[in-house]
Amino acid sequence: MNFDFSLVTDSIPKMLVGVGLTFQLMFLSAIIGLVLAVVLLLMRLSGKWYLGWPAQVFIYVFRGTPILVQIFIIYYGLPQFEAVRDSIFWPILREPFGSAVLALSLNTGAYVSEILRGGVLGVDRGVLEAAKALGLSARQKFIYITAPIATRLAIPAYSNDFISLMKATSLASTITLMDMTGIARTIVAKTFAPYEIFISLAIIYMIFTFIIQKAFGRFERYMSKYVNP
Amino acid sequence: MTNTDTTPLIQLQNVNKFFGSFQALKNISLEVRKGEKIVVCGPSGSGKSTMIRCINRLESHNGGHIFIGGKELTDQVKDINAIRREVGMVFQSFNLFPHMTIIKNLMLAQQLVRKINKPEARETAMHYLERVKIPDQADKYPVQLSGGQQQRVAIARALCMKPEIMLFDEPTSALDPEMISEVLEVMTGLAKDGMTMIVVTHEMGFARSVADRVLFMDEGEIVEEADPETFFKHPKNERTKKFLSQILTH
């Protein structure tokens with residue numbers, strides 16, 4: 001078969017029009033997901049079953065099902081309920097963008113909460129005991145000792161999740177959103193050249209992955225300056 | 001022995017501690033007066049660490065009573081934190097906050113717990129860093145210091161809280177031999193200044209020169225208690241004799 005390079009050079013600028021949407025999906029979901037992750041983490045660390053259990057169930061459900069299915073359930077499934085249509089969330093859930101952000105946020109929130117928990121569990125017990133012995137309250141211990149150390153420990157796993165999230169934004173194209181993947185699919189439908197177009201698309205995602213990796217690498221080095229000063 | 005005050009600063013009455021079905025402390029009774037220096041020794045697993053960890057409530061006891069400065073240790077969080085402020089603790093593995101510079105390590109609890117303002121906390125921190133002879137390391141991170149230096153910082157960090165009592169849990173066991181003396185030197189200086197100290201250690205030279213009393217613990221009990229002279233020269237209990245022969249011949 002022939003590989004048509006002109007198709008690549010033509011399609012890349014067109015697909016890049018969707019970068020804005022891809023980034024919106026990515027950053028919005030990452031921020032909402034992170035807030036959710038911290039809330040879920042605190043619920044699990046609270047030691048109270050009526051907070052811990054719901055968090056665990058939530059995490060289990062969202063880690064145990066494919067994001068694509070979650071997106072479909074939220075976009076196609078929820079509007080079946082009148083209560084949803086009548087609720088204040090309807091303006092968000094009515095839109096594919098809102099549905100996609102919601103699904104991605106809930107999903108990444110579940111994963112990141114587990115990543116952060118791993119970081120918290122990695123904090124040296126002796127250091128926490130020292131803080132306790134100095135009279136720090138449980139809250140002070142968490143804010144000044146656990147959180148900063150756990151953050152550093154969680155960065156490598158978190159950067160992985162962030163990259164997964166970036167790639168998962170492509171699923172939004174299944175509910176009519178014109179992100180980079182959505183545009184690529186439209187071009188393929190017109191040109192019948194899936195090979196060139198999707199390879200171009202893959203390369204764009206790879207470049208973004210590279211940039212994200214580098215950024216997190218820097219962040220990790222910054223946060224680790226006390227380990228390798 | 002210093003007899004400045006008649007009411008004991010630390011009082012343990014029939015203290016019991018269980019870890020599951022294992023009894024780590026069996027009816028421990030102990031009184032420590034202000035200014036007294038107690039050295040606790042004994043084989044590993046004998047309950048020495050558990051005992052001093054109960055004194056600042058890092059472990060909670062299951063029976064008996066513990067009084068610090070006349071106040072009983074209970075589950076009341078407020079009381080526990082008030083007592084912890086008066087009781088400094090130094091750990092075997094230093095346990096400095098790895099993500100903070102030395103000076104920040106010394107300032108944190110002063111600011112958060114004692115509510116001391118930043119310049120004053122810094123001043124106190126520098127004062128104690130000078131006392132443990134490493135003011136030049138103030139802006140480094142713990143990982144950049146040797147073990148002996150880290151342990152001296154840990155001592156300074158505890159002293160910054162101006163505690164009434166200092167507890168030491170095997171402070172030199174994790175150190176390379178050449179660094180032990182620099183830590184013991186700081187502890188000896190502290191003892192001379194009249195600090196009330198309970199030290200779990202196997203440094204018998206330190207016990208001999210500093211301790212008012214030496215306790216020998218085995219299987220969760222205080223087996224023998226005597227002044228260092230009597231303890232080392234004329235131990236009464238067979239288990240003490242055996243233990244001393246083991247550590248002193250090496």
Side-chain angles (χ1 to χ4, degrees), chain A residues 34 38 41-42 45-49 51-52 115-159 216-229, chain B residues 49 52-53 55-59 77-102 104-115 139-145 150 153-155 157-163 165-169 174:
Chain A
L34 193 58
V38 172
L41 173 74
L42 293 176
L45 295 178
S46 69
K48 301 193 170 65
W49 66 268
L51 294 175
I115 288 170
L116 296 180
R117 200 169 70 93
V120 168
L121 294 179
V123 178
D124 179 36
R125 241 191 75 149
V127 170
L128 294 174
E129 272 189 348
K132 219 181 189 183
L134 285 165
L136 268 71
S137 68
R139 179 196 288 254
Q140 290 170 333
K141 239 172 33 175
F142 187 82
I143 295 172
Y144 292 95
I145 312 294
T146 307
I149 296 174
T151 303
R152 184 194 132 247
L153 294 176
I155 295 169
Y158 180 73
S159 77
F216 274 105
R218 274 192 171 208
F219 182 47
E220 195 184 342
R221 271 199 303 284
Y222 171 74
M223 290 294 287
S224 304
K225 63 177 195 291
Y226 62 82
V227 184
N228 305 301
Chain B
S49 292
I52 67 167
R53 287 165 62 84
I55 292 173
N56 72 347
R57 199 76 175 178
L58 285 180
E59 305 285 355
V77 178
K78 264 203 164 150
D79 298 346
I80 293 171
N81 283 337
I83 283 168
R84 282 188 181 137
R85 253 174 274 162
E86 306 306 326
V87 183
M89 177 125 179
V90 175
F91 300 85
Q92 181 177 356
S93 47
F94 330 136
N95 296 346
L96 297 179
F97 307 133
H99 59 302
M100 295 180 184
T101 57
I102 300 305
K104 290 269 160 60
N105 261 275
L106 271 63
M107 288 164 66
L108 184 74
Q110 294 189 62
Q111 292 178 268
L112 293 179
V113 181
R114 286 235 184 252
K115 312 286 180 207
D139 295 317
K140 291 195 179 164
Y141 285 99
V143 73
Q144 292 170 288
L145 271 57
Q150 288 193 49
V153 171
I155 295 172
R157 179 176 65 176
L159 291 177
C160 280
M161 299 299 283
K162 312 260 169 76
I165 302 159
M166 284 286 283
L167 307 173
F168 294 84
D169 189 2

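We name chains A, B, ... by the order of the sequence lines, and we start the count at 1 in each one.
- You'll find the side chain of B:Pro98 stays beyond 4.5 Å of the side chain of A:Val227, heavy atoms only.
- If you measure heavy-atom distances from B:Val87 to chain A, the contacts under 4.5 Å come from the backbone alone.
- When heavy atoms are compared at a cutoff of 4.5 Å, B:Leu96 approaches chain A solely by way of its backbone atoms N, CA, C and O.
- Of the listed residues B:Leu108, B:Asn56, B:Val90, the one with more heavy-atom pairs under 4.5 angstrom with chain A than any other is B:Leu108.
- Here the CE atom belonging to B:Met89 is positioned 11.0 Å from the CG atom belonging to A:Leu134, to the nearest 0.5 angstrom.
- Contact check for B:Phe91 versus A:Val127: no side-chain heavy atoms found under the 4.5 Å cut-off.
- At least one side-chain heavy atom of B:Leu112 sits under 4.5 Å from a side-chain heavy atom of A:Tyr144.
- With a threshold of 4.5 angstrom between heavy atoms, B:Arg53 approaches chain A through side-chain atoms but not through N, CA, C or O.
- Between A:Lys225 and B:Tyr141 there is a side-chain heavy-atom pair separated by less than 4.5 Å.
- Taking chain B as the reference chain and counting heavy-atom pairs below 4.5 Å, the highest number among A:Ala131, A:Ala138, A:Ser224, A:Ser137 is found for A:Ala131.
- At least one side-chain heavy atom of B:Asn95 sits less than 4.5 Å from a side-chain heavy atom of A:Asp124.
- Closest approach of B:Ala109 and A:Leu136 over heavy atoms only: CB-CD1, 3.9 Å.
- Checked by atom type and distance alone, the side chain of B:His99 never pairs as donor or acceptor with a backbone atom of A:Arg152 at under 3.5 Å.
- Per-residue heavy-atom pair counts under 4.5 Å with chain A were compared for B:Gln144, B:Arg57, B:Lys140, and the maximum is reached by B:Gln144.
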message = Could you go through B:Val143 and A:Tyr226, starting from their C-alpha distance and side-chain angles, then the distance that decides it, and tell me whether this counts as side-chain contact (heavy atoms from CB on, under 4.5 Å)?
response = CA-CA 7 Å; B:Val143 73; A:Tyr226 62 82; 5.9 Å; no
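- Here the side chains of A:Gln140 and B:Val113 are in contact, with some heavy-atom distance below 4.5 Å.
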